[in-house]
**Q** 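Can you read through this structure? Questions will come right after.
In what follows, chains are A, B, ... by sequence order, proteins preceding strands, each numbered from 1.
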There are 2 protein chains.
Amino acid sequence: MDPLDPDMFHPGCPSSVMPIRIGDKWSAMIIACLEQGPRRFSELRVPIHRVTPKVLTQTLRALERDGMITRTVHAEVPPRVEYELTPLGRTLLDLIEACRHWSRKHMPTLLAARDVYDHTTQP
Amino acid sequence: MDPLDPDMFHPGCPSSVMPIRIGDKWSAMIIACLEQGPRRFSELRVPIHRVTPKVLTQTLRALERDGMITRTVHAEVPPRVEYELTPLGRTLLDLIEACRHWSRKHMPTLLAARDVYDHTTQP
DNA sequence: CAGAATCCCACGTGATACTG
DNA sequence: CAGTATCACGTGGGATTCTG
């Protein structure tokens with residue numbers, strides 16, 4: 001399995017602009033990262049570089065609670081923990097792809113409308 | 001055109017549980033309400049009964065800014081303002097339907113997983 | 001009727017530092 | 001390596017009151 005692309009989530013696509021969200025701020029990115037197979041904690045931190053460990057843990061726990069991912073601790077030294085999508089979690093992949101598709105197709109129109117609005121009102 | 005169903009958004013489906021969001025908290029509901037045609041401010045407040053006027057205005061403005069809806073003021077007494085979906089806004093209907101479909105199909109599984117998780121950890 | 005003005009708070013998120 | 005522990009903060013959202 002290939003390593004995750006560090007630039008998988010380009011800063012040029014800030015989530016603040018994206019009008020669609022799955023779960024909390026980082027959930028969709030995590031799920032996308034797990035598409036190819038199980039990943040380790042540190043491995044996830046590479047493409048999702050702006051997330052702090054605390055928040056990543058938080059989000060992973062929430063996803064586990066909702067049955068989206070499993071958390072497997074391997075009794076080794078050093079410790080190794082792997083996260084993997086459940087069948088339920090996999091059902092979100094289609095939805096995420098639908099959101100991506102919408103963004104690719106309509107984000108420019110949205111941003112253009114926003115620009116017009118911001119320029120036709122008092123700056 | 002039929003009036004909006006006051007129970008269109010049943011309290012039994014709290015948005016806190018729904019893992020998918022379009023825009024901010026009320027955006028998707030507003031867009032769904034506008035599907036059949038233009039609606040007035042007060043008209044929107046019927047099915048979306050938990051929203052305060054301030055927040056509704058806020059959300060409508062944001063949707064207008066992003067080119068999702070148009071706001072038309074009719075010079076009458078009493079004042080009449082109508083909100084209507086733009087073609088761009090209409091593109092979100094499919095996405096919303098996809099989210100609804102996901103919910104109908106998978107929410108029970110999610111809630112069941114959550115129950116198990118909450119009961120297998122210390123209460 | 002369709003909001004505007006104020007005040008306010010909780011919560012999601014982040015920064016930083018430390019540990020089994 | 002895979003987290004915890006604190007502390008802190010902005011802002012999305014709400015309650016209430018008032019108005020053209």
**Q** Quick one: His49(A) NE2 to dT13(C) P, roughly how many Å, whole number?
**A**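 Rounded to the whole Å, the gap is 18 Å.
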
**Q** Determine to 10° how strongly the helix from dC1(C)-dG20(D) to dG20(C)-dC1(D) is bent, judged from the axes of its five-pair ends.
**A**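 The angle separating the two end axes equals 60°.
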
**Q** May I have the distance from Asp24(B) (atom CG) to dG12(C) (atom C1'), rounded to whole angstrom?
**A**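 After rounding, the reported distance stands at 15 Å.
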
**Q** Rounded off to whole Å, could you give me the CD-to-C1' distance for the Gln58(A) and dC7(D) pair?
**A**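 After rounding, the reported distance stands at 14 Å.
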
**Q** Once you round it to whole Å, what is the distance between P of dC11(C) and NZ of Lys25(A)?
**A**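 Rounded to whole Å, this separation is 19 Å.
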
**Q** In this structure, how many angstroms lie between the C1' atom of dG14(C) and the CG atom of Leu56(A), rounded?
**A**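 One finds 13 Å between C1' of dG14(C) and CG of Leu56(A), rounded.
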
**Q** Across nucleotides 1-10 of chain C, 5' to 3', mark each nucleotide with B, S or - according to how protein heavy atoms within less than 4.0 Å reach it.
**A** BSBSBBB---

**Q** Write down the distance between CD (Glu76(A)) and C1' (dG3(D)), rounded to a whole number of angstrom.
**A**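 So the two atoms are 16 Å apart, to the nearest Å.
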
**Q** Any chain of hydrophobic side-chain contacts (each under 4.5 Å) joining Leu34(B) to Val55(B)?
**A**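 Yes: a chain of side-chain contacts under 4.5 Å links Leu34(B) to Val55(B).
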
**Q** Closer than 3.5 angstrom, by distance alone: can the side chain of Arg90(A) be matched with the main-chain N or O of Glu35(A) as a donor-acceptor pair?
**A**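 Judged by distance alone, yes, a pair lies under 3.5 Å.
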
**Q** Would you indicate which nucleotide in dT13(C), dG14(D), dA15(C) comes nearest to any side-chain atom of Thr52(A)?
**A**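 Among dT13(C), dG14(D), dA15(C), the one nearest the side chain of Thr52(A) is dA15(C).
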
**Q** Would you say His101(B)'s side chain and Glu97(B)'s backbone share a donor-acceptor pair under 3.5 angstrom?
**A**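 Not confirmed, His101(B) side chain does not pair with Glu97(B) backbone.
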
**Q** Looking at side-chain heavy atoms only, is the closest gap between Ser27(A) and Leu63(A) below 4.5 Å?
**A**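 In short, these two side chains touch, coming nearer than 4.5 Å.
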
**Q** Nearest 0.5 Å please: distance from the CG atom of Leu111(B) over to the CG atom of Asp118(B).
**A**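 Rounded to the nearest 0.5 Å, the CG-CG separation comes out at 10.5 Å.
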
**Q** Report the C-alpha distance between Leu4(A) and Val46(A) in whole Å, list the side-chain angles of each, state the deciding distance to 0.1 Å, and finish with yes or no for side-chain contact (heavy atoms from CB on, under 4.5 Å).
**A** CA-CA 7 Å; Leu4(A) 293 173; Val46(A) 177; 5.6 Å; no

**Q** Examine distances only and state if a side-chain atom of Thr86(B) and a backbone atom of Met68(B) form a donor-acceptor pair shorter than 3.5 Å.
**A**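 Yes.
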
**Q** Side chain of His119(B), backbone of Asp115(B): donor and acceptor closer than 3.5 Å?
**A**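 Looks like yes, one N/O pair under 3.5 Å.
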
